[in-house]
Amino acid sequence: MKQPVRVAVTGAAGQIGYALLFRIASGAMLGNDQPVILQLLDITPAMEALQGVKMELDDCAFPLLQDVVCTDDPNVAFKDADYALLVGARPRGPGMERKDLLEANAAIFSVQGKAMNEHASRDIKVLVVGNPANTNALIAQRNAPDLNPRNFTAMTRLDQNRAMTQLAQKTGTAVTDVTNMIIWGNHSSTQFPDLYHANVAGGNAMDKVEQDWYENDFIPTVQQRGAAIIKARGASSAASAANAAIDHMRDWALGTADGDSVSMAVYSDGSYGIQEGLIFSFPCTCKDGDWSIVQGQDINEFSQAKLEATETELAEERDAVSHLLP
Ligand SMILES: NC(=O)c1ccc[n+]([C@@H]2O[C@H](COP(=O)([O-])OP(=O)(O)OC[C@H]3O[C@@H](n4cnc5c(N)ncnc54)[C@H](O)[C@@H]3O)[C@@H](O)[C@H]2O)c1
Ligand SMILES: O=C(O)C[C@H](O)C(=O)O
């Protein structure tokens, strides 16, 4: 039996938390042979609700779940954590743009970055889900100077999964026929879903769809899907977001499939001309618990303009929170 690993989840009493924790505890994220200890963080007024979630986790009698810690103290939640899923944040309501959330959520992520810097495993793998996810990840990373910046990532896997289904439905194929479906940039309406490098049933995706559908239907549908869910449900996506978080962490920990790449917002090393230090979604492969950016893809004029637009937005978000970046 493997040694248990410690998985910190913030915002654990929230909607995404409720769809996420049971799957982590079941082994869906780290494998059926990996025992876990859950370290759950939420704010003080949510402690009673969090205790209720813990009672339900207990009542599942998950064989892999060794302990559940509930706390309102980030220093406790991140103690020796091997993985952290930073979900806790104020979600976007109808009519709100992500930028409206920047200031409100920025403070949360600087505190949590500092707590990880002090208390977490030096190899911690951090996934930021709470919006604006890329910039929250940047704030956490910059507040954790003793940790490797490569340990901090943000989630664009939900956008990738959305894009895969749209493409499969359009081409009359199964989602399992779609590979290398990459989202570049920010988890926002400037994200760039790239069909030029995606494959459907072994052929290039752009050979199977019309340019007009790609530009005027597919891209806006994927970019606006979060807002469409909020409009329909009156609340932001939760189960699909939790599912994408599981996908992201599982691939990072256990590796991506041969011949496939996945979308991960990671610390930019300047690849594809993207400013170094931004948390930008690139095509990534994962092996032995580490990610790398897929290099050498041709970027045409259309794609280049899209990459620049989403990079500009991320640079603006970074500048708007510069007072929180040490
Ligand atoms: N990246 C993505 O693809 C994606 C997708 C869906 C939602 N989201 C984002 O995920 C976040 C959570 O969504 P939700 O639906 O679970 O929201 P929710 O309001 O149901 O839950 C958020 C939880 O976070 C807690 N929280 C607030 N401040 C905290 C703090 N300082 N420390 C710890 N916990 C804190 C709240 O008490 C609440 O329990 C939102 O920011 C939402 O916009 C991201
Ligand atoms: O768009 C939002 O605010 C919610 C979330 O990020 C989503 O993509 O569903």
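Treat the numbers as computed from the prediction; the structure is a model and nothing was measured. Ligands are counted one by one from 1 in listed order, and the atoms in each one are counted from 1 as well.
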Ligand 1 N/O within reach of Asp42 N/O, cut-off under 3.5 Å:
yes
Candidate list Asp194, Ile182, Asn180, test side chain to side chain contact (heavy atoms under 4.5 Å, CB included), partner Pro283, passing option:
Ile182
Checking contacts here: is it the side chain or the backbone of Ile108 that comes within 4.0 Å of ligand 1, counting heavy atoms only? Could be both or neither.
side chain
Among Leu20, Leu50, Ile229, Asn131, which residue places a heavy atom closest to atom 42 (C) of ligand 1?
Asn131
Mind checking whether Ile230 has a heavy atom under 4.0 Å from ligand 2?
yes
Numbering as shown, the atoms of ligand 2 that approach Arg162 to under 4.0 Å (heavy-atom distance):
7 (C), 8 (O), 9 (O)
Side-chain donor-acceptor contact under 3.5 Å, Asp123 with Ser121
no
Just which atoms of ligand 1 are under 4.0 Å from any heavy atom in Gln112?
32 (N)
Hey, is Ile229 one of the residues with a heavy atom under 4.0 angstrom from ligand 2?
no
Are any of the N/O atoms in Asp159 less than 3.5 Å from those in ligand 2?
no
Just going by heavy-atom distances, which of Asp72, Asn134, Val111, Ile43 is nearest to atom 29 (C) of ligand 1?
Ile43
Using a strict 4.0 Å cut-off to heavy atoms of Leu158, name the atoms of ligand 1 that fall inside it.
3 (O), 5 (C)
Number the atoms of ligand 2 from 1 as they appear, then name those within less than 4.0 Å of a heavy atom of Gly226, with their elements.
1 (O), 7 (C), 8 (O), 9 (O)
Note: ligand 1 atoms sitting under 4.0 Å from heavy atoms of Gly11 are 23 (C), 24 (O), 25 (C), 33 (C), 34 (N)
In Glu317, His187, Glu316, the residue satisfying side chain to side chain donor-acceptor pair (under 3.5 Å) with Thr135 is Glu317
Within the 4.0 Å heavy-atom shell around Ser237, which atoms of ligand 2 are there?
7 (C), 9 (O)
Are any of the N/O atoms in Ala46 less than 3.5 Å from those in ligand 1?
no
Here the atoms of ligand 1 under 4.0 Å from any heavy atom belonging to Val87 are 10 (O), 11 (C), 12 (C)
Which residue and non-hydrogen atom of the protein lie closest to atom 10 (O) of ligand 1, and at what distance in Å?
Ile16 CD1, 3.4 Å
Which part of His187 is near ligand 2, with near meaning a heavy atom under 4.0 Å away: side chain, backbone, both or neither?
side chain
Same cluster or not: are Ile108 and Phe78 linked, directly or through other Ile, Leu, Val, Met, Phe, Trp or Tyr residues, by side-chain heavy atoms under 4.5 angstrom apart?
yes
Min over Ala242, Ala77, Ala244, Ala241 of heavy-atom distance to atom 5 (C) of ligand 1 lands on Ala241
Check: Asn243/Arg157 side-chain N/O donor and acceptor closer than 3.5 Å:
no
With Val68 as reference, evaluate Val53, Val36, Leu40, Leu50 under the side chain to side chain contact (heavy atoms under 4.5 Å, CB included) test and give the passing residue.
Leu40
Check Gln15 against ligand 1 and report side chain, backbone, both or neither, counting heavy atoms closer than 4.0 Å.
both
Thr156 versus Ser263, side-chain donor and acceptor atoms under 3.5 Å
no
Do we see a donor-acceptor contact under 3.5 Å between the side chains of Asp247 and Asn161?
yes
Within the 6.0 Å centroid threshold, strictly below: Tyr196 and Tyr214
yes
Heavy atoms only: give me the nearest Ala89-Phe109 pair and the separation to one decimal.
CB-CE1, 4.2 Å
If you scan protein heavy atoms around atom 1 (N) of ligand 1, the nearest is Val129 O, 3.2 Å
Students often mix this up, so state it plainly: with edges at 30° and 60°, are the rings of His248 and Trp252 parallel, tilted or perpendicular?
perpendicular
Are Asp217 and Lys170 close enough for a salt bridge, meaning some N to O gap below 4.0 Å?
no
Mind checking whether Ser237 has a heavy atom under 4.0 Å from ligand 1?
yes
To check you understand the geometry: which heavy-atom pair defines the closest contact between Met249 and Val126, and what is its length?
CE-C, 4.3 Å
Ligand-residue contact atoms, ligand 1 with Gly14, heavy atoms, under 4.0 Å
20 (O), 21 (O), 39 (O)
In this structure, does ligand 2 have an atom that sits under 4.0 Å from one of the heavy atoms of Gln224?
no
Sidechain N-carboxylate O distance under 4.0 Å for Asp33, Lys2
yes
Output the list of atoms in ligand 1 that are nearer than 4.0 Å to some heavy atom of Ala89, sorted by atom number.
22 (C), 24 (O), 41 (O)
